Amino acid sequence: NGAAGGTYGANGIWQVNRRDAPYGPSPHGRSWGKIPWDEAMRLPGSAQVGFARRLLEGFPWYRLQPCPASVNYAEKQPVKGNIRPSALGIGTKLRIVYVPRHRPILVGQLAPQAEYTVSLFDPTTGVRSSAGNVRADANGTQRVAPPGYDHDWLVVFERR
């Protein structure tokens with residue numbers, strides 16, 4: 001679905017840079033860096049992809065469907081670079097939302113008045129924490145405030 005954060009793209013990896021033979025300039029003339037692949041694979045982003053994998057393995061990930069219309073920022077502020085939240089789900093049973101900005105969101109298309117267990121996931125540390133239980137409103141919507149850290153985040157809704 002083109003969701004942000006789906007791959008690990010450190011230039012040393014995708015260019016297959018070696019210490020003795022960096023990839024060099026691309027056909028357009030720019031070089032994207034000289035870090036060797038064996039250093040790039042140890043950068044923080046590599047571990048973060050593993051955190052995401054472990055999170056998704058806890059769900060029937062093969063059944064997840066894109067739900068782009070089910071999430072948006074709660075406040076009507078301009079979005080720099082048009083970077084918006086992304087959502088995956090299984091009907092009204094499960095919703096996993098990636099939020100690239102430290103802003104509150106509105107999660108919709110939940111079951112009206114249904115109870116959900118909510119957890120937050122920090123993609124930089126891999127820590128998943130409980131945010132308690134909530135009840136969706138009559139329209140199947142729930143507002144979620146960002147966690148205490150100031151970077152991207154995920155929220156998971158599991159129907160009780």
Side-chain angles (χ1 to χ4, degrees), residues 1-14 32-33 35 37 39-160:
N1 192 33
T7 64
Y8 180 57
N11 67 38
I13 301 288
W14 60 265
W32 298 104
I35 187 169
W37 71 268
E39 285 181 34
M41 73 179 197
R42 290 182 179 86
L43 291 172
S46 178
Q48 292 162 4
V49 170
F51 300 154
R53 175 187 172 186
R54 284 189 288 283
L55 174 73
L56 290 174
E57 284 178 338
F59 303 106
W61 57 267
Y62 47 87
R63 294 182 48 215
L64 292 169
Q65 296 290 315
C67 305
S70 72
V71 63
N72 213 333
Y73 290 116
E75 295 140 3
K76 303 294 180 200
Q77 299 172 353
V79 178
K80 185 179 179 181
N82 202 26
I83 298 175
R84 301 189 179 286
S86 301
L88 296 168
I90 300 174
T92 60
K93 295 178 182 183
L94 174 67
R95 191 66 41 82
I96 302 172
V97 180
Y98 171 74
V99 189
R101 302 277 191 238
H102 190 260
R103 293 173 53 182
I105 58 170
L106 286 176
V107 179
Q109 299 178 356
L110 301 170
Q113 300 295 326
E115 283 195 34
Y116 288 85
T117 299
V118 179
S119 59
L120 299 171
F121 178 77
D122 183 340
T124 65
T125 64
V127 174
R128 185 174 174 191
S129 57
S130 173
N133 296 323
V134 299
R135 182 178 297 277
D137 69 14
N139 297 316
T141 302
Q142 179 65 44
R143 181 184 170 102
V144 183
Y149 43 85
D150 191 18
H151 55 77
D152 58 339
W153 53 291
L154 281 90
V155 61
V156 178
F157 281 77
E158 296 177 83
R159 191 165 175 186
R160 294 178 46 104

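Note that these values count all heavy atoms, side chains included, but never hydrogens, waters or copies made by symmetry. Predicted model, so just to flag it, every value in this text is computed and none were measured.
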CG-CD distance between Leu106 and Glu75, expressed to the nearest 0.5 angstrom: 9.0 Å
Is the side chain of His102 donor-acceptor paired with the backbone N or O of Gly148 at a distance under 3.5 Å, no angle test? no
Please determine whether side chain to side chain contact (heavy atoms under 4.5 Å, CB included) holds for the pair Tyr73 and Arg101, giving the CA-CA distance in whole Å, both sets of side-chain angles, and the decisive distance to 0.1 Å. CA-CA 9 Å; Tyr73 290 116; Arg101 302 277 191 238; 3.0 Å; yes
On a heavy-atom basis, which atom in Ala69 and which in Gln109 lie closest, and how many Å separate them? CB-NE2, 3.8 Å
With side chain to side chain contact (heavy atoms under 4.5 Å, CB included) as the criterion, how do Phe59 and Val156 come out once you've worked through the C-alpha distance, each side chain's angles and the decisive distance to 0.1 Å? CA-CA 11 Å; Phe59 303 106; Val156 178; 3.7 Å; yes
Between Ala52 and Phe121 the two heavy atoms that sit nearest each other are N-CZ, 4.3 Å
Separation between OG1 of Thr117 and CZ of Arg160, rounded to the nearest 0.5 Å: 4.5 Å
Measure the CG-OH distance between Leu56 and Tyr62 for me, rounded to the nearest 0.5 Å. 12.5 Å
Could you check if a side-chain atom of Pro104 sits within less than 4.5 angstrom of a side-chain atom of Pro146, using non-hydrogen atoms only? yes
Are Ile90 and Leu64 side-chain neighbours, meaning at least one heavy-atom pair lies under 4.5 Å? yes
Do Val144 and Phe157 touch side chain to side chain, with heavy atoms closer than 4.5 Å? yes
Would you say CZ of Arg135 has more than 12 non-hydrogen atoms from neighbouring residues, nucleotides or ligands within 6.0 angstrom? yes
Output the distance between atom CD1 (Ile35) and atom CG (Leu43), rounded to the nearest 0.5 Å. 4.5 Å
Minimum heavy-atom distance between Cys67 and Leu88, given as atom pair plus value: SG-C, 3.9 Å
For the residue pair Thr124 and Gln48, establish whether any side-chain heavy-atom pair is separated by less than 4.5 Å. yes
Can you tell me how far CG of Leu154 sits from CZ of Phe51, rounded to the nearest 0.5 angstrom? 13.0 Å
Side chain to side chain, Trp153 and Ile105, heavy atoms closer than 4.5 Å: yes
Any residue meeting salt bridge (Lys or Arg N to Asp or Glu O under 4.0 Å) with Arg63, in chain and number order, not counting sequence neighbours: none
How close do Arg95 and Thr92 get, heavy atom to heavy atom, and via which atoms? NH2-CA, 4.5 Å
Side chains of His151 and Asp122: does their closest heavy-atom pair fall under 4.5 Å? yes
Closest heavy-atom pair, Val71 versus Ala87, reported as atoms and distance to 0.1 Å, is CG1-CB, 3.8 Å
In terms of heavy-atom contacts, Ala138 and Pro112 come closest through O-CB, 3.3 Å
